[in-house]
**Q** 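Pasting a structure below so you can have a look.
Residue numbers count from 1 along this sequence.
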Amino acid sequence: VANAVSARGTTYGWATLASVFVLVGGVWTHVRGTMPQLDGLEKFMDLGLMNSIWRTEWLPAQDTWLAGQSVNYYYYGQFVYTVVCKLTGIPPVIGYNLAMASTFAVLVVGVAGLLVFLLSRAGASPIWRVVGAAVGAIATSIAGNSHAFFYAGPGMAVLDAFRSLGIDVGQTDSFFFPSSTRFIGFSPDVPTDKTIAEFPYYSFLVSDLHAHVVNTLHIVLIVALLAVLIDGLVVRGEAATQRLGGASIKDACLTFWRTRLGRPEVGLIAVFLAACAMGNYWDFAIYYVVMVLVVAVAEVRLGASRGSAGVAIFGLEVVGVLAAFVAVSQPAVMVAALLAIAALATVSLGWRDTAWTRAGALQAWIFAGAHLIALPFNVGFDPISKDLRFVAIRTPAWQLFVMWGPVVIAVVLMAIWGLLGGFRVPVDRPSGGRAGGVRPVRLRHLTAPDALAAVVLPIAGIGLIWAPEVFYVRDVYE
């Protein structure tokens, strides 16, 4: 990434990224310095977790609110920053605000670095890399959903159109930035359905050092590593496309290790997915799905043998790891079951080697590896629930449009444009024949940025909007 930032070399690139981090971190440190009070919302809880970890000599730390019991919560994010506080000698009451500023700065630099990498792979000039990185970093860290566009911007005319159709759009004359997080079920009021839709900038403004906020550190790294993975598998060329079918079990396993499991980004993806599992399990679930999509797209891009049988096996392997996770309550037994499923998937490559079976084996190992890494945490943790239920009330279509409509439209148009010919690859002129010209790209021809922009992230993003309209996780609050 540092090398892609500037043609002057890696050192200059690192200096650029470090300068951006210092600048953004300094600005947000100043912002927190103007309102450093740690009261209200969830700040008491987050600071309490940090103070308990600060005092403890073992993990899990003591529960601040239940004497004699250990914390039964996803505390890993607070643990990370409390370790930094211990190393620097800065007490949590001060380190809390520095952690908020650091998280904001890492998010900005991480997204910018990821986009620089993707744009460099797409052949963009240095100036467009900088422009794209700046736009992406601002959109991720500051922009939220599209609610403000309608209730505090030019989209007000759309609300008038909704009102003319007899739709109650709630209050339109008292917008305040938290309104964009308390819209569905709040405006207009629906007593039986209250949805909280927070986004990064809101959390940074109110300064909740909560699990989903700290996990932005890990999420950006996961997406970046997935980009490297989808890019690097094809760069490996012949080694990555080497057939495993028909080989002995030993040779099939060794080849799979050499071309896939042995790649450093695969292990790091498992590490940061484990961090998500210990910090906010919803993030693990979300980016496990993204990981599965990336692995499948990467394998299909290699042009390995495909077919209905491979797709069926892939589906069984995905269902298998999820079933083991849901059905087995003992963490150590669950990890053993996951490792067995991953090993069986790898061995089966000697029998059926397709793009889909390779993807199934790789996702199984990453899923199992993440839970193996998180095992020390899970042994002392009692999950709130693994029980999925279908929702009884769904969000009105007009509110979904207000929240996500413009973003979804833009993403879908970009994806369609790419898949129907916007991303094109040259075709060599046949010897003695007519000009080959260009042809619409197929999935296996997509570059890393194209595959992420046109396939993986649109599917994952739209799926995240759709999923809460279908099911929810039953917990202690029901």
Side-chain angles (χ1 to χ4, degrees), residues 24-25 27-54 61 63-65 71-85 90-108 110-111 137-145 147-148 176-186 194-220 275-287 384 403 464 468 473 475-477:
V24 175
V27 168
W28 209 255
T29 299
H30 172 74
V31 171
R32 289 306 311 147
T34 62
M35 44 182 177
Q37 299 85 354
L38 300 181
D39 54 5
L41 297 177
E42 297 179 81
K43 288 186 277 293
F44 279 148
M45 172 185 174
D46 298 325
L47 181 60
L49 288 172
M50 292 183 70
N51 282 330
S52 183
I53 297 170
W54 173 270
D63 193 324
T64 306
W65 298 272
V71 172
N72 191 62
Y73 190 72
Y74 299 103
Y75 61 81
Y76 185 76
Q78 289 80 14
F79 168 77
V80 169
Y81 275 124
T82 305
V83 169
V84 176
C85 287
I90 299 174
V93 69
I94 297 173
Y96 185 107
N97 282 319
L98 295 176
M100 289 300 307
S102 298
T103 305
F104 185 74
V106 171
L107 177 62
V108 170
V111 172
I138 292 172
T140 304
S141 60
I142 296 179
N145 54 52
H147 173 270
F176 188 41
F177 77 91
S179 303
S180 297
T181 70
R182 308 296 195 275
F183 173 54
I184 299 173
F186 293 87
K194 303 292 185 184
T195 299
I196 297 176
E198 296 182 358
F199 44 89
Y201 193 51
Y202 168 83
S203 298
F204 289 122
L205 284 174
V206 302
S207 194
D208 276 348
L209 192 65
H210 211 44
H212 61 272
V213 178
V214 181
N215 254 4
T216 58
L217 307 174
H218 310 128
I219 288 168
V220 172
C276 284
M278 297 182 289
N280 177 19
Y281 203 90
W282 271 116
D283 290 327
F284 175 89
I286 291 168
Y287 290 94
I384 295 173
M403 290 285 285
L464 285 175
V473 176
D475 59 22
V476 296
Y477 300 107

**Q** Verify whether one side chain among Y81 and S102 offers a donor that lies under 3.5 Å from an acceptor in the other.
**A**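 No donor-acceptor contact under 3.5 Å links the two side chains.
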**Q** State which residue, out of V108, V80, V213, fulfils the side-chain contact (heavy atoms from CB on, under 4.5 Å) condition with T103.
**A**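 Only one of V108, V80, V213 forms a side-chain contact (heavy atoms from CB on, under 4.5 Å) with T103, namely V213.
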**Q** R32: what forms a salt bridge (charged side-chain N to carboxylate O under 4.0 Å, His left out) with it, not counting sequence neighbours?
**A**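 With neighbours one apart ignored, the set is empty.
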**Q** Under the side chain to side chain donor-acceptor pair (under 3.5 Å) test, which residues partner D46, sequence neighbours left out?
**A**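 Expected list: Q78, H210.
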**Q** I'd like to know if the side chain of N97 reaches the main chain of P36, judged simply by a donor and an acceptor atom lying under 3.5 Å from each other, with no hydrogens or angles considered.
**A**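 Yes, because the side chain of N97 sits within donor-acceptor range (under 3.5 Å) of the backbone of P36.
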**Q** Just how far is it from atom OH of Y74 to atom CH2 of W282, taken to the nearest 0.5 Å?
**A**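 Here the rounded value is 10.0 Å.
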**Q** Can you tell me how far apart CD1 (I219) and OH (Y287) are? Round to the nearest 0.5 Å.
**A**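 Here the rounded value is 4.5 Å.
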**Q** Could you tell me which non-hydrogen atom of H212 sits nearest to which non-hydrogen atom of N280, and how far apart they are?
**A**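 Between these two residues, the closest heavy atoms are CB-ND2, 3.4 Å.
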**Q** Counting C-beta onward and ignoring hydrogens, is there a side-chain heavy-atom pair between M45 and Y73 closer than 4.5 Å?
**A**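 Side chain of M45 against side chain of Y73, heavy atoms only: contact under 4.5 Å found.
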**Q** Who passes side chain to side chain donor-acceptor pair (under 3.5 Å) against Y201, sequence neighbours left out?
**A**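 So Y201 forms no side chain to side chain donor-acceptor pair (under 3.5 Å) with any residue.
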**Q** Sequence neighbours excluded, which residues qualify as side chain to side chain donor-acceptor pair (under 3.5 Å) partners of T82?
**A**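 By the side chain to side chain donor-acceptor pair (under 3.5 Å) rule, T82 matches no residue at all.
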**Q** Can you name the nearest heavy-atom pair linking T34 to V31, along with the distance?
**A**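 For T34 versus V31, the nearest heavy atoms are OG1-O, 2.5 Å.
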**Q** Compare all side-chain heavy atoms of D63 with those of S52 and state whether any distance is below 4.5 angstrom.
**A**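 Not in contact.
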**Q** Using ring-ring contact (aromatic ring centres under 6.0 Å, His included) as the criterion, list what pairs up with Y75, not counting sequence neighbours.
**A**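 ring-ring contact (aromatic ring centres under 6.0 Å, His included) list for Y75, sorted by chain: F377.
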**Q** Establish, from distance only, whether the side-chain atoms of N215 and H218 form a donor-acceptor pair under 3.5 Å.
**A**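 Judged by distance alone, the side chains do pair up.
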**Q** Could you state the interatomic distance from CE (M35) to CG (L205), rounded to the nearest 0.5 Å?
**A**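 That separation rounds to 6.0 Å.
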**Q** Write down the atom of G95, the atom of C85, and the distance for their closest heavy-atom approach.
**A**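 Closest approach of G95 to C85, heavy atoms only: CA-SG, 3.8 Å.
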**Q** List the steps, then state whether side chain to side chain contact (heavy atoms under 4.5 Å, CB included) holds for T64 with L49.
**A** CA-CA 7 Å; T64 306; L49 288 172; 5.7 Å; no
**Q** Any chance you could lay out the side chain to side chain contact (heavy atoms under 4.5 Å, CB included) test for L107 and F204, step after step, and finish with the verdict?
**A** CA-CA 11 Å; L107 177 62; F204 289 122; 3.8 Å; yes
**Q** Look up atom CG in L209 and atom NZ in K43, then write down how far apart they are to the nearest 0.5 Å.
**A**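 Nearest 0.5 Å value for the CG-NZ distance: 10.5 Å.
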**Q** What's the shortest heavy-atom distance between G279 and Y76, and which atoms?
**A**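 Taking G279 first and Y76 second, the nearest heavy atoms are N-CB, 3.9 Å.
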**Q** Which atom names give the shortest non-hydrogen contact between L38 and Y96, and what distance separates them?
**A**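 Taking every non-hydrogen atom into account, CD2-CD2, 3.3 Å.
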**Q** Begin with the C-alpha distance, continue with both residues' side-chain angles, and end with the deciding distance and a verdict on side chain to side chain contact (heavy atoms under 4.5 Å, CB included) for V83 and F79.
**A** CA-CA 6 Å; V83 169; F79 168 77; 3.7 Å; yes
**Q** From S207 OG over to Q37 CD, what is the distance, rounded to the nearest 0.5 angstrom?
**A**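 Rounded to the nearest 0.5 Å, the OG-CD separation comes to 10.0 Å.
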**Q** D283 versus T216: any side-chain heavy-atom pair under 4.5 Å?
**A**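 With C-beta onward as the side chain, the pair stays apart.
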**Q** Identify, with sequence neighbours excluded, every residue that meets side chain to side chain contact (heavy atoms under 4.5 Å, CB included) alongside F186.
**A**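 F186 satisfies side chain to side chain contact (heavy atoms under 4.5 Å, CB included) with R182, K194 only.
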**Q** So which heavy atom on N145 is nearest to which on A197, and how close?
**A**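 Closest heavy-atom pair between N145 and A197: ND2-O, 4.0 Å.
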**Q** For the residue pair S180 and Y202, establish whether any side-chain heavy-atom pair is separated by less than 4.5 Å.
**A**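 Contact flag for S180/Y202 side chains = no.
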**Q** OH of Y281 to SG of C276: how many Å apart, nearest 0.5 Å?
**A**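 Answer for the OH-SG pair, Y281 versus C276, is 10.5 Å.
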**Q** How far apart are the C-alpha atoms of T29 and L98, what are their side-chain angles, what is the distance that settles it, and do they pass the side chain to side chain contact (heavy atoms under 4.5 Å, CB included) test?
**A** CA-CA 6 Å; T29 299; L98 295 176; 4.2 Å; yes
